[in-house]
Amino acid sequence: MTDGTTQHPQHGGEDPLRDEADQRPVAAHRTVHEGMVWDLVRDTIDFAPGVRFDREYIRHTGAVAVLAVDEADRVLLIRQYRHPVGHRLWEIPAGLLDLAGEPPHVAAARELAEEAGCEPVRMSTLVDLRPSPGGSDEVIRVYLAEGVRESEEEFERVHEEAELISRWVPLGEAVAAVLEGRITNGTTVAALLALKSLRGGGSPAVSLRPADAPFMERPGRA
């Protein structure tokens, strides 16, 4: 605060924890850079009476990812080159929501087949993510795929996916890799820790949402 006082966070009461849609009026919206996959935009926001400011952020298509698990509680990981960070990262299969009209859970099953050559018997919604809400409107839904079997269809992999390899890893070994800093992909970290919690990590028992559960709200988008 500019007057030297300290502003304390407001308490949220005892209601269940839930993110709330609260889109503030946008006085101006413009594209700063139109990219190959996503754009950089700038909004002028009427935050409150007499309070207006600009924010730049990445306008993202959204994405889905799949944590596949077999009967031995092994998880399917893929290793893929990621140029922005200059690493080959161990990840779970994932892809953009870039096909108009394709339901997210269908897109997730397609990515699992294309990247790992597998298809699930059962899918459910494991966890929803907004990985960088201060600088991107990206949303990611991670699905849990069970009863995974080999896909009958073969896919040609190009570019970064040409060197893609896959490995079935015991869940405990994968979680240890996360906690030791050997696996760092954010979506993968969240998925593995969510599944570990679901398997009895001390959290209250919960029922996973169905695969076709309503997708995350994206205020400001058509």
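In this chain, numbering begins with 1 at the start of the sequence shown. Computed from a predicted model, the values in this text were never measured in an experiment.
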Please round to the nearest 0.5 Å and tell me the distance separating atom [atom1] of [X] and atom [atom2] of [Y].
X    : Y    : atom1 : atom2 : value
L99  : R110 : CG    : CZ    : 4.5 Å
I58  : D39  : CD1   : CG    : 10.0 Å
H83  : Q80  : NE2   : CD    : 14.0 Å
R52  : T44  : CZ    : OG1   : 6.5 Å
R122 : L144 : CZ    : CG    : 9.0 Å

Axial cation check for F53 ring with R55, 6.0 Å and 45° limits: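 Satisfied, under 6.0 Å and within 45°.
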Are R88 and Y81 in a cation-pi setup, meaning NZ or CZ lies under 6.0 angstrom from the ring centre and within 45 degrees of the ring axis?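 Ring-cation test returns no.
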Smallest separation among heavy atoms of [X] and [Y], with atom names:
X    : Y    : result
C118 : L76  : SG-CD2, 4.1 Å
V85  : H87  : O-ND1, 2.9 Å
P93  : E111 : CB-O, 4.3 Å
V142 : A191 : CG1-CB, 3.7 Å

Could you walk me through whether L112 and E119 pass side chain to side chain contact (heavy atoms under 4.5 Å, CB included), step by step? CA-CA 6 Å; L112 180 62; E119 58 185 40; 5.7 Å; no
Report the C-alpha separation of D22 and R24 in whole Å, then their side-chain angles, then the decisive distance to 0.1 Å, and conclude whether the side chain to side chain contact (heavy atoms under 4.5 Å, CB included) test is met. CA-CA 6 Å; D22 182 22; R24 305 301 169 93; 2.7 Å; yes
Does E180, at its CD atom, have more than 12 non-hydrogen atoms belonging to other residues, nucleotides or ligands within less than 6.0 Å? yes
More than 12 heavy atoms of other residues, nucleotides or ligands under 6.0 Å from CD of E217: yes or no? no
What orientation do W38 and H60 show, parallel under 30°, tilted 30 to 60°, or perpendicular over 60°? parallel
State whether a side-chain donor-acceptor pair under 3.5 Å links D43 with H29. yes
Could you go through the side chain to side chain contact (heavy atoms under 4.5 Å, CB included) check for D128 and I140 one step at a time? CA-CA 6 Å; D128 288 337; I140 303 176; over 6 Å; no
Below 4.0 angstrom, N of the basic side chain to O of the carboxylate: do D54 and R42 qualify?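 No salt bridge links D54 with R42.
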V148, I92: one ILVMFWY side-chain cluster at the under-4.5 Å cut-off?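 The answer is no; the residues belong to distinct hydrophobic clusters.
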Please walk me through it: do E173 and R74 pass salt bridge (charged side-chain N to carboxylate O under 4.0 Å, His left out)? CA-CA 9 Å; E173 180 181 328; R74 297 182 304 168; over 6 Å; no
